[in-house]
There are 2 protein chains.
Amino acid sequence: MTIPAPIEDFLGCRTPETWVRMAKQRLPELLLDHANCEKKAASTALSLMFRYPQHDKLATRLSKLAREELRHFEQVSRLIRARGIRHARAPVSGYAAGLREACRNNEPGRLVDTLITGALIEARSCERFALLAPQLPADVAALYRGLLASEQRHFEVYLSLAREFDARIDNRVAELVAVEAKLASGPDTVFAFHSGPPA
Amino acid sequence: MTIPAPIEDFLGCRTPETWVRMAKQRLPELLLDHANCEKKAASTALSLMFRYPQHDKLATRLSKLAREELRHFEQVSRLIRARGIRHARAPVSGYAAGLREACRNNEPGRLVDTLITGALIEARSCERFALLAPQLPADVAALYRGLLASEQRHFEVYLSLAREFDARIDNRVAELVAVEAKLASGPDTVFAFHSGPPA
């Protein structure tokens with residue numbers, strides 16, 4: 001399964017092979033963390049809708065996006081149930097916190113950076129689904145192939161919203177792409193859907 | 001348009017006529033607050049999913065419920081746009097805060113009370129949609145007729161979840177029904193979708 005070209009072009013690095021091997025070995029943890037990521041993605045979209053209620057287009061697009069994330073949450077949860085995987089606390093990798101830290105605190109930079117990091121997270125998810133699908137059991141692979149197209153769409157939604165609030169974001173995108181690439185490929189102490197490879 | 005019997009039986013009082021008259025006069029504010037309520041309803045469901053991640057059935061049902069709330073948010077937002085209503089800060093009535101205050105702080109009481117108040121809010125919304133539909137312009141009335149059935153379903157989802165965590169909730173339900181009835185029918189300083197009638 002190939003990584004969609006716009007995603008491969010956007011990301012600063014390919015996910016290391018060692019992460020993919022680890023994911024294959026730790027499928028229950030991967031799925032539990034994946035379910036949690038879908039819930040967090042819906043929550044992030046919703047909190048943007050609350051933070052910027054005056055932006056009608058942002059609210060409408062992110063509302064649809066949040067609905068899709070919740071549907072994915074339900075799909076992954078169904079798979080988790082079908083496989084008899086028991087609930088466990090989701091691990092906390094430094095990925096999301098690292099991206100949050102890199103975001104500016106003052107508006108409009110805060111909004112633009114949050115949208116760019118949204119695009120980055122969706123792009124990374126899309127890339128990892130493509131890398132994982134050929135390696136994982138048929139039921140998971142089928143789900144991941146289905147999710148891939150949505151993640152690519154979500155990536156585009158976030159990036160086009162970022163451009164609406166600031167037409168000249170290329171330099172800032174490049175900076176955040178570099179931050180994300182480091183987080184996704186540097187050695188990590190925990191294993192999670194967006195973590196780096198094992199330290 | 002009649003109020004569904006299970007809703008009328010559940011609620012502790014009928015919404016006063018003075019509130020309905022006020023809503024008719026202040027349609028733009030009603031719609032803006034309604035959109036905000038749908039967003040808050042999705043957010044409440046999502047925060048319960050985060051607070052109780054181990055409850056699989058709760059997560060699955062509330063995820064679907066949150067998706068429906070977001071779809072309603074999009075529908076009301078479309079109507080707001082079509083009517084050329086400009087964004088304004090949503091008013092804060094004492095309704096939600098009053099219900100929150102009445103909830104117990106310790107588990108499992110906290111979960112059960114949150115679910116019962118969820119049922120109450122959905123029931124009150126359902127009742128008000130039924131009361132408002134015959135009074136409002138055709139486009140709003142059509143939407144409200146459509147939403148009524150979902151709100152009744154959401155009321156049932158919350159109440160049946162509450163019963164799953166505590167089979168003997170009748171006394172507690174009666175207490176919270178009384179609190180809600182007072183909030184929805186007592187004089188209020190602001191006008192909102194769930195406020196009491198004008199003071």
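Lettering follows sequence order; numbering is per chain, from 1.
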A.B. asks: Verify the cluster assignment for B:Phe191 and B:Leu136: are they in a single hydrophobic cluster under the rule of side-chain heavy atoms below 4.5 Å apart?
C.D. replies: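 As far as the 4.5 Å side-chain criterion goes, B:Leu136 and B:Phe191 are connected within one cluster.
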A.B. asks: Do the side chains of B:Asp56 and A:His87 get nearer than 4.5 Å, heavy atoms only?
C.D. replies: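 No. Closest side-chain heavy atoms not under 4.5 Å.
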A.B. asks: When you compare the side chain of A:Thr60 with that of B:Arg78, does any pair of heavy atoms fall below 4.5 Å?
C.D. replies: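 B:Arg78 vs A:Thr60: side chains apart.
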A.B. asks: Can you say whether B:Leu70 sits under 4.5 Å from chain A via the side chain, the backbone, both, or neither, judging by heavy atoms?
C.D. replies: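 Contact with chain A involves both backbone and side-chain atoms of B:Leu70.
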A.B. asks: Between B:Val177 and B:Val179, is there shared hydrophobic-cluster membership here, with clusters defined by ILVMFWY side-chain heavy atoms closer than 4.5 Å?
C.D. replies: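 No, no single cluster joins them.
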A.B. asks: Do you know which of B:Ser77, B:Ala66, B:Pro53 has the most heavy-atom pairs under 4.5 Å to chain A?
C.D. replies: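 The candidate making the most pairs under 4.5 Å is B:Pro53.
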A.B. asks: Say whether A:Leu148 and A:Leu143 are linked into one hydrophobic cluster, either directly or through other cluster members, by side-chain heavy-atom distances under 4.5 angstrom.
C.D. replies: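 Yes, it is one cluster - the side chains of A:Leu148 and A:Leu143 are joined through contacts under 4.5 Å.
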A.B. asks: Is the CG atom of B:Asn105 crowded by more than 12 outside heavy atoms at less than 6.0 Å?
C.D. replies: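 No, not enclosed.
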A.B. asks: Can you name the one residue among B:Glu74, B:His72, B:Glu69, B:Arg71 that meets side-chain hydrogen bond (donor to acceptor under 3.5 Å, both in side chains) with A:Ser63?
C.D. replies: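 By the side-chain hydrogen bond (donor to acceptor under 3.5 Å, both in side chains) criterion, A:Ser63 pairs with just one of B:Glu74, B:His72, B:Glu69, B:Arg71: B:Glu74.
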A.B. asks: I need the A:Arg86 CZ to B:Gln54 CD distance, nearest 0.5 Å.
C.D. replies: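 These two atoms lie 11.5 Å from each other.
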A.B. asks: Please look at B:Ala88 and chain A and tell me whether the side chain, the backbone, both or neither of the residue comes under 4.5 angstrom of a heavy atom of that chain.
C.D. replies: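 Neither part.
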A.B. asks: Should the heavy atoms of other residues, nucleotides or ligands under 6.0 Å from CG of A:Asn171 be counted, would the total exceed 12?
C.D. replies: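 Not buried by this count: 12 neighbours or fewer within 6.0 Å.
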A.B. asks: Under 4.5 Å, heavy atom to heavy atom: which of residues 16-42 of chain A reach chain B? Give them by number, or say none.
C.D. replies: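 Checking residues 16-42 of chain A against chain B gives A:Asn36, A:Lys39, A:Lys40, A:Ala42.
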A.B. asks: Establish whether B:Leu159 and B:Leu99 are linked, either directly or via other cluster members, by ILVMFWY side-chain heavy-atom contacts under 4.5 Å.
C.D. replies: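 No; B:Leu99 is not reachable from B:Leu159 via cluster members.
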A.B. asks: Give, for atom NZ of B:Lys64 and atom CZ of A:Arg67, the distance between the pair rounded to the nearest 0.5 Å.
C.D. replies: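 Between atom NZ of B:Lys64 and atom CZ of A:Arg67 there are 15.0 Å.
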A.B. asks: Is A:Phe10 linked to A:Ile121 within one hydrophobic cluster, defined over Ile, Leu, Val, Met, Phe, Trp and Tyr using a side-chain heavy-atom separation of less than 4.5 Å?
C.D. replies: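 A:Phe10 and A:Ile121: separate clusters.
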